[in-house]
Amino acid sequence: MLAIAPHSRTARIIALAAALATAAAPTAAMAQGGIPLIRDTEAEQLLRDYTRPILRAAGLEKQNIQMVIINDVSFNAFVADGRRIFVNTGALLQSETPNQIIGVLAHETGHLAGGHLAKIREQLANAQTQLIIAMLLGAGAMVAGARSGNPGSGLTQAGAAAVQAPQEMIRRNLLSYQRQQEENADRAGVKYLTAIGQSPRGMYETFKRFTSESLFAARGADPYMQSHPMPAERVAALEELARSSPYWDRKDDPALQLRHDMVRAKISAFMERPDTVYRRYQSSSSTLPARYARAIVTYRHGDLRSAVAQIDALIQEQPNNPYFQELRGQALLEGGRPVEAIPPLRRAVQLSHNAPLIEMLLGQALVAANNNAYTDEAIAILRAAVSRETEAPLGYSQLAMAYGRK
C-alpha cells in the first residue's frame, strides 16, 4: 500500500537568516504540518535494510531511528531531530543504484552520530545571547548620544555599529560551523561505508552530480556565506577520501538492485503522470520493474480487469512476493470488490510477517465487505496493527468503523 498522509509532528527548521533577523524571535523554530508523507511497507523496509548496518557501524542501532519518506521530487535527505531520517521520493527515483542512496544515508547518519542538531541549536542559542548583549550595549550608547544633544555624535554612531556588526559576524560564524558539520558528516559517512564493506563510490557520484548542477549557481558566491562547503572543493575532498576505501570497486548485489528498481518503479507509478510512467517503463520492456509500474498505472486509471491480469502474471513469477499480493488486494479493494481483496491481503500479511500497514489494508477490506462475520477479525487485526504502527490514520479510522459494527 502506498499512501500519502500529513504528519503534524514532523518539523522543518526555519532558515537561519530569518531566525537572526529579529533579536526578540527564537533563534530556531518548528513549522507544524504541511509535509506530505508517503507510507509504504515495501519502500520503508528497503530503506531500513539500507540503513540498519550503517546505524550499527555508527553505534546507533539501539536508537530506533525511523525512516520517513516525503512526497517531494527534489533529491534530498535530511535529519530534523535525533530519531528520524527523512528521504524525499526524488532521492529514491534519482538514485540509479542502491549504493547511491546508501551513501546519502551514511552521510545523514554522520549528522546523527555527531549530534550535529543539538550542537547547532547550542550555537544558535549562544548566538542569540551574543546578539542580545550587543543590542543592549548598542542601545545604551545610542541613548547616551541622544542625551548629549548631538544625534550625530560618535556615541550614537558607535551604538548603531554595535547593533549591526555583531549580526554579520555571528551569521558568518554559524555558517562556518555548519560547513564544518557537513565536512565531518562526509568523513563519517565514508568511515561507516568502509566498516560495512560498502563502496563509497555511490556517495561520491551523488555529490559529484550535485556539484555539476550547482557550479553555475555557485559561481561568484562568497564561500563564507554558504551553509555547505563549496561544491568543487567538497567533491574533491570526498573523492580523495572515497577512493582510498578498499571497497571502491565493489558492486551492489543484483538481488538488492532489483529491490531498488522495484521501489523506484512503484513510486513512479503511484506519484507520476501516466504518460511519464509509460515513457519511463515502455511497453516493449519485459523487466519486472517495468511490468510492476505498468500494472499499477493500469489499476489506478480504471482498467481493473487488465490490471489484475498483469498482477497475476507478476504473482505467478514470484508467488512469495508480499507486495504483489498486497497490490492485488489493494486494486480489488479500491475497485469496489473488497470480498475478493481479502484472500490476497491475508497472504500479503502472512508473507510480510504481519507488516502493520498491510494489516490495516486487510482490516479495511474486512470492514468494507459489510459482513458482520468479519467484524471480530477486523477488530483483532486492526488493534494489533495500531499497537505497532501508531502514526497511520487508516488503522484508527477503520478500527472505529469496526467497533461501530459491534
Side-chain angles (χ1 to χ4, degrees), residues 1-5 38-46 258-259 262-263 265-267 269-270 288-389 392-406:
M1 176 184 68
L2 193 148
I4 306 173
I38 298 295
R39 299 306 314 272
D40 179 70
T41 302
E42 183 176 13
E44 291 175 2
Q45 185 60 51
L46 181 68
L258 178 60
R259 287 182 63 196
M262 294 294 282
V263 167
K266 187 177 199 175
I267 291 174
F270 272 102
L288 208 61
R291 291 159 56 198
Y292 195 27
R294 293 198 299 266
I296 294 170
V297 171
T298 301
Y299 112 71
R300 293 194 70 237
H301 294 276
D303 192 350
L304 183 59
R305 176 181 293 182
S306 177
V308 170
Q310 293 178 52
I311 297 168
D312 285 345
L314 295 172
I315 292 173
Q316 185 173 5
E317 189 163 335
Q318 290 191 356
N320 294 324
N321 187 320
Y323 309 116
F324 291 165
Q325 300 283 353
E326 178 192 25
L327 180 61
R328 192 180 200 278
Q330 185 174 356
L332 289 166
L333 176 60
E334 295 181 9
R337 294 156 61 177
V339 175
E340 295 176 59
I342 293 172
L345 289 174
R346 287 194 201 279
R347 180 65 173 152
V349 167
Q350 178 188 19
L351 291 171
S352 67
H353 305 290
N354 301 94
L357 293 178
I358 301 179
E359 284 184 324
M360 290 177 189
L361 199 60
L362 172 57
Q364 183 179 8
L366 292 168
V367 171
N370 200 26
N371 184 337
N372 286 335
Y374 292 133
T375 302
D376 288 337
E377 181 186 3
I379 290 173
I381 289 172
L382 290 165
R383 280 176 58 89
V386 299
S387 70
R388 288 178 289 119
E389 175 52 71
L394 176 65
Y396 296 103
S397 63
Q398 295 303 313
L399 184 57
M401 294 174 66
Y403 277 129
R405 292 275 167 82
K406 295 285 284 185

In Å and rounded to the nearest 0.5 Å, what is the [atom1] to [atom2] distance from [X] to [Y]?
X	Y	atom1	atom2	answer
Gln398	Met401	CD	CE	5.0 Å
Leu394	Leu382	CG	CG	8.0 Å
Ile381	Gln364	CD1	CD	13.0 Å

(Q) Per the salt bridge (charged side-chain N to carboxylate O under 4.0 Å, His left out) rule, what does the pair list look like for residues 367-378, sequence neighbours excluded? (A)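 Output for this query lists Arg346-Glu377, Asp376-Lys406.
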Taking all heavy atoms of [X] and all of [Y], pick out the closest pair and write down the distance.
X	Y	value
Ala341	Gly329	CB-O, 3.2 Å
Ala43	Asp40	N-OD2, 2.9 Å
Leu345	Ile358	O-CG2, 4.4 Å
Leu327	Ile296	CD2-CG1, 3.7 Å
Ile315	Phe324	CG1-CB, 3.7 Å
Ala369	Ile342	CB-CD1, 4.3 Å

Partner set under salt bridge (charged side-chain N to carboxylate O under 4.0 Å, His left out) for Arg291, not counting sequence neighbours: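 Checked Arg291 against salt bridge (charged side-chain N to carboxylate O under 4.0 Å, His left out); matches are Glu317.
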Results of salt bridge (charged side-chain N to carboxylate O under 4.0 Å, His left out) for Arg300 - residues two or more places apart only:
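Listed in chain order: nothing, the list is empty.
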With [X], which residues qualify under side-chain hydrogen bond (donor to acceptor under 3.5 Å, both in side chains), at least two apart?
X	result
Asp303	none
Tyr323	none
Ser397	none
Thr298	Gln310

Would you indicate whether the side-chain heavy atoms of [Y] and [X] approach each other to under 4.5 Å?
X	Y	result
Leu361	Leu333	yes
Arg337	Leu304	yes
Leu258	Pro289	yes

What pairs with [X] under side chain to side chain contact (heavy atoms under 4.5 Å, CB included), at least two apart in sequence or on another chain?
X	answer
Ala290	Tyr281, Ser285, Thr287, Arg294
Glu334	Tyr299, Gln330
Asn370	Arg405
Ala392	Arg39, Leu357, Met360, Glu389

- Under the ring-ring contact (aromatic ring centres under 6.0 Å, His included) rule, what pairs show up with a residue in residues 331-384, not counting sequence neighbours?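 Sorted pair list comes back empty.
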Report task. Starting from the C-alpha separation in whole Å, work towards a yes-or-no answer on side chain to side chain contact (heavy atoms under 4.5 Å, CB included) for Met262 and Leu46. Result -> CA-CA 10 Å; Met262 294 294 282; Leu46 181 68; over 6 Å; no
Do the side-chain N and O atoms of Gln325 and Arg328 include a donor-acceptor pair separated by under 3.5 angstrom?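 No, Arg328 and Gln325 have no side-chain donor paired with an acceptor closer than 3.5 Å.
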